[in-house]
Amino acid sequence: MNKKGFIKALSEELNYNEDRCILINDILEDNFFISRKSKNKIIYELVSKIHVSEEEAEVIYEVAKKILNDEIKNKMRHPFGRMEK
């Protein structure tokens, strides 16, 4: 999944506009997103930079993680071409 695809998926899942999803993507790219150690830092940055509650930042984090996990699983099932679920 490319950057635009990820931002679009975030926008659809979270019902946020594209500009807000670009900010979220920037925060995620600035941190090692998959690491559990950086989860708290990402949550903190989401709260401070896009002005959401900690609970909402947690939801954003989990949705982003789910989008990436689903994409990884899809790539593993169909390594030579993109197949829709």
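These numbers come from a predicted model, not from an experiment.
Here the closest non-hydrogen pair linking Asn17 and Ser11 is C-OG, 4.3 Å. Nearest heavy atoms, Arg20 versus His51: NH2-O, 4.1 Å. Considering all non-hydrogen atoms of both residues, Val52 and Leu46 come closest at CG2-O, 3.8 Å.
Both Val59 and Leu10 are members of a single hydrophobic cluster when ILVMFWY side chains are connected at heavy-atom separations under 4.5 Å. Residue Tyr61 is not grouped with residue Ile22 when hydrophobic side chains (ILVMFWY) are merged at heavy-atom distances under 4.5 angstrom, including chains of intermediate members.
Separating the SG atom in Cys21 from the CG atom in Asp26 is a distance of 11.0 Å, to the nearest 0.5 Å. Note: Lys73 NZ to Leu68 CG = 12.0 Å, rounded to the nearest 0.5 Å.
Other residues, nucleotides and ligands place no more than 12 heavy atoms under 6.0 Å from the CD atom of Glu18.
Under the 4.5 Å side-chain criterion, counting only non-hydrogen atoms from C-beta, Lys49 is not in contact with Leu23. Taking the side chain as every heavy atom from C-beta outward, Ile24 and Ile7 never approach each other to under 4.5 Å. Between Asn25 and Glu29 the shortest side-chain heavy-atom distance falls below 4.5 Å. Looking at heavy atoms from C-beta onward, Lys66 lies out of side-chain contact with Glu71 at the 4.5 angstrom threshold.
The one candidate from Ile50, Asn40, Ile27 that meets the side chain to side chain contact (heavy atoms under 4.5 Å, CB included) condition with Glu45 is Ile27.
Side-chain N or O atoms of Ser53 include one that pairs as donor or acceptor with a backbone N or O of Glu56 at under 3.5 Å.
With respect to Glu13 and Lys8, no salt bridge is recorded, no charged nitrogen being found less than 4.0 Å from a carboxylate O.
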